[in-house]
Protein chains: 2
Amino acid sequence: MTTVRNLLEAKPSATNYSVASTDTVLQAVKIMVDAHIGAVLVKENEKIIGIYTERDYLRKGEYEGRSAKDTLIKDVMVRKMITVGYDTSLEQCMALMRQYNIRHLPVVEDDHLVGLVSMRDVMAAVLDDKDIEIRGLENYIMGSGFQS
Amino acid sequence: MTTVRNLLEAKPSATNYSVASTDTVLQAVKIMVDAHIGAVLVKENEKIIGIYTERDYLRKGEYEGRSAKDTLIKDVMVRKMITVGYDTSLEQCMALMRQYNIRHLPVVEDDHLVGLVSMRDVMAAVLDDKDIEIRGLENYIMGSGFQS
């Protein structure tokens, strides 16, 4: 069973971008645009306390009358994060993403953030898994002289 | 092989939201937030001429000094759309989404827009397909007295 651990190992160079809770939304947007990502984690006293995504920017920005340069991340971030651990399976990740309609899951181990997985990461890996499973079953059928 | 046609048939009630090219970004954002969607199509003289997504809002909004209420959609939309047809397979959709790093594919038949599929739609359907395929292979093994 593929887990979050395997997923993180597959992209060892990935940086987990974060902003301070007192940064402005404009600073967070700049990081997301420049790094081509859709979410940043929010830190306060070196602890991760929330997440801010492009969906939050859409919903809680100009739509609600806020300007990015005058809004602090702590006022629009999502504090209640759905997190996973190293041993969470990819299927569990997908179920969480579907259930909560979210695209990013912070990975936490021993109270420390160790990664961030996106829907794109998880689904691509699950698809690869399923292909391997299908090839395995096909080989099982072929290799056992099933056609004789 | 599952195609875009099957995918659209599975969600017959889905509305394809659109804005006019002369609408403001704020109007488009309002539609996306209220409908819980991440993209709208852009119409001009009843013809679809582009697409505007929450990623465009992130990249070409306040980040580039534009305000949503003073910016027209035609100035920030994406005109070069990657489209698919009824008979495009889900795997082809995924490949296009990966290649162009996009999450939405308009479906065009005979020069008419007939739908819009998202990465979420496509990947969920592909996963269902793979599960069916795996169950089929398992049944094939079981049903043929393979264990005797």
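Note on naming: letters A, B, ... go to the chains in the order of the sequence lines (proteins, then strands), and numbering restarts at 1 for each one.
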Hydrophobic cluster identity match, A/V4 and A/L116, side-chain contacts under 4.5 Å: no
Proximal component of B/M97, with respect to chain A [non-hydrogen, under 4.5 Å]: backbone
Among B/R103, B/M119, B/E138, B/M94, residue most engaged with chain A (heavy-atom pairs, under 4.5 Å): B/R103
Close side-chain approach of A/R55 to B/L58, heavy-atom, < 4.5 Å: no
Heavy-atom contacts under 4.5 Å, residues 60-71 of chain A to chain B: A/E62, A/Y63, A/R66, A/S67, A/A68
Neighbours of chain B found in residues 28-36 of chain A - heavy atoms under 4.5 Å: A/V29, A/K30, A/M32, A/V33, A/D34, A/H36
A/V42 reachable from A/L113 in the ILVMFWY side-chain graph, under 4.5 Å edges: no
Minimum heavy-atom distance B/I102-A/R120, with the two atoms named: O-NH2, 4.0 Å
Contact origin within B/L26 toward chain A - heavy atom pairs under 4.5 Å: side chain
Proximity of residues 74-88 of chain B to chain A, residues having a non-hydrogen atom under 4.5 angstrom: none
Interface residues of residues 45-53 of chain B facing chain A - heavy atom cut-off under 4.5 Å: none
B/Y17 reachable from B/I73 in the ILVMFWY side-chain graph, under 4.5 Å edges: yes
A/Y100 reachable from A/L41 in the ILVMFWY side-chain graph, under 4.5 Å edges: no
Cluster check B/L105, B/V108: I/L/V/M/F/W/Y, side chain < 4.5 angstrom: no
